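One structure is given below, encoded as structure tokens.
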Amino acid sequence: MEPRPAAPRPRLCDSLGADQTPSASTLNAARAEARPAGRRAPAVAAVLPAGGSGERMGVPTPKQFCPVLERPLISYTLQALERVCWIKDIVVAVTGENMEAMKGIIQKYQHQRISLVEAGVTRHRSIFNGLKALAEDQPDSKLSKPEVVIIHDAVRPFVEEDVLLKVVTAAKEYGAAGAIRPLVSTVISPSADGCLDHSLERARHRASEMPQAFLFDVIYEAYQQCSDYDLEFGTECLQLALKYGHIKAKLVEGSPDLWKVTYKRDLYAAESIIKERISQHICLIMDTKDENHVGHRLEEVLKDELNHVKVTSRLPCHTGRDLDQIVSEQCYSYVCVNVMTSDFEEIRKLVNMLEESNLSILYPVVVISVYFLDYKSVPFDQKMENLMQIREYAKEVKKRNILLCGLLIYYPQEQYLAVQYLEGLPHA
Ligand SMILES: Nc1ccn([C@@H]2O[C@H](COP(=O)(O)OP(=O)(O)OP(=O)(O)O)[C@@H](O)[C@H]2O)c(=O)n1
Ligand SMILES: O=C(CO)[C@H](O)[C@H](O)COP(=O)(O)O
């Protein structure tokens, strides 16, 4: 499958008046910039309703807790939000009976900046509870009232920073903003006798998705004023801002991945999107700079064969300075080419580094250690010893979700040189 093209980054040319480009894509960066007094990035928090029962999914576990690649769905959504460092607090509304399970998830996956509140019997009531926790009038609260609040369903795990920034920036300017998508099917209105009353012109309507963002006071006041009917049957926060705050929300085009996990098949779709995402980057760690070495052929082959995958080359841990960056970019596949040495100290260092980064808490990390050994220079016994050591070590690190595999290429260097030589000849 083709990699998804990154959407152009939005510019923060907003009511602040400043023309800042948050290309580092964080409002924090924007905050740090010197700007005239009064121009500042808004304090942002998020409310995640996660108190539904997922009836349409048709399984006993509420869909937000259903495992996707062995990890609860909600944990992916939390990760997507907490990666955005300018979101200060994330308030999650969960039912009393799932409160302990939720705390367990936060602890296990080391989620940060999360506060839990009790969910309500409808989505609107859950959101309202989340907003109340953020309002200033809460005694003993560690939370502070944000200027802008993002509302995002816990069951929409693929929300990107770009769209969050777009809705927040637009909310700052317009008071409310929400992501939309083109309609897939035409919306019709049936009459009481089950016949068609009228249909809507598809091209003139849009599907309302999440995330949405609001000036906190606008949406909080709307929730305070709205009727029990709204709280019971309403499904649209933007509508509350319109009805009670007279705010016409700005509509922002969202990506196709913003859809809401609703049916069982959506769990399978979510799983394949996650698999696709985590397998799109391979980091190759090469311990030789000799471009003629057979190890470098491996790099060429990987780049040719896996042309949809980003292949990055790095130096080993002891010399490389930028491996940290690769780890922080969330790369889950490593191929280490060992030419200079037959021991696996470098692998230990890499594995330690991966463990410290906590990457493997979220997804399995794959490390393939390839040893190119010239059969003349390394005795057979030593070769076997190496393999056994890797096997033992692989068993140990598997418990920490790191899948280590050793590949030994025992080759006669002269023959390889001969092959290279032949290949160098025209028409060989
Ligand atoms: N009382 C409720 C109902 C829903 N939600 C949350 O609102 C989001 C979107 O709602 P929806 O997809 O309708 O979830 P469910 O109500 O769980 O699903 P269903 O309608 O199939 O029962 C979900 O994250 C859901 O957990 C909530 O916080 N509190
Ligand atoms: O669609 C939406 C946008 O307005 C909301 O995300 C919400 O999911 C609607 O909830 P429900 O499925 O319970 O109607």
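This chain uses plain numbering: 1 for the first residue, then up along the sequence. Predicted model, so just to flag it, every value in this text is computed and none were measured. Both ligands and their constituent atoms are indexed starting at 1 by order of listing.
Scanning all heavy atoms of the two residues, the minimum distance from Pro182 to Arg206 falls at CA-CD, 4.1 Å.
If you check each of Pro49, Ala119, Gly52 against atom 23 (C) of ligand 1, the one with the closest non-hydrogen atom is Pro49. Nearest residue to atom 9 (C) of ligand 1 from Asp153, Leu48, Thr262, Thr95 is Asp153 (criterion: closest heavy atom). Nearest-heavy-atom check against atom 2 (C) of ligand 1 across Thr235, Thr122, Val261 picks out Thr122. Nearest to atom 1 (N) of ligand 1 by heavy-atom distance, out of Ala93, Gly130, Ala50, Gly120, is Gly120. Considering each of Lys63, His152, Met57, Arg156, the one bringing a non-hydrogen atom nearest atom 11 (P) of ligand 1 is Lys63. Nearest to atom 15 (P) of ligand 1 by heavy-atom distance, out of Ala154, Gly54, Gly58, is Gly54.
Only side-chain heavy atoms of Ser126 come within less than 4.0 Å of ligand 1; its backbone N, CA, C and O stay farther off. Counting heavy atoms closer than 4.0 Å to ligand 1, residue Ile127 contributes nothing at all.
Looking at Asn129 and Ser126, their side chains never bring a donor and an acceptor atom within 3.5 Å of each other. For the residue pair Asp257 / Ser255, no side-chain donor-acceptor distance below 3.5 Å is found, with atom types taken as modelled. Donor-acceptor pairing under 3.5 Å is lacking for the side chains of His152 and Thr77. Side-chain contact of Lys88 with Ser144: a donor-acceptor pair under 3.5 Å is present, judged by distance alone. Gln110 and Glu82 share no donor-acceptor pair across their side chains, judged by distance under 3.5 Å alone.
No heavy atom of Pro62 sits closer than 4.0 Å to any atom of ligand 1.
Relative to the ring axis of Tyr268, Lys264 does not place its NZ or CZ within 45° and under 6.0 Å from the centre.
Close approach of ligand 1 to Gln64 is summarised as follows: ligand atoms under 4.0 Å from at least one heavy atom of the residue are 26 (O). Ligand-side atoms of ligand 1 in range of Ser53: 17 (O), range being under 4.0 angstrom from any heavy atom. If you number the atoms of ligand 1 from 1 as listed, the ones under 4.0 Å from a heavy atom of Val155 come out as 23 (C), 24 (O). Atom numbering of ligand 1 starts at 1 in the shown order; those under 4.0 Å from a heavy atom of Glu55 are 19 (P), 21 (O), 22 (O).
In this pair, Trp259 and Phe158 present their aromatic rings parallel. The plane angle is below 30°, not in the 30 to 60° band.
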Residues Leu134, Tyr220; criterion side-chain contact (heavy atoms from CB on, under 4.5 Å); working and verdict: CA-CA 10 Å; Leu134 285 169; Tyr220 191 47; over 6 Å; no
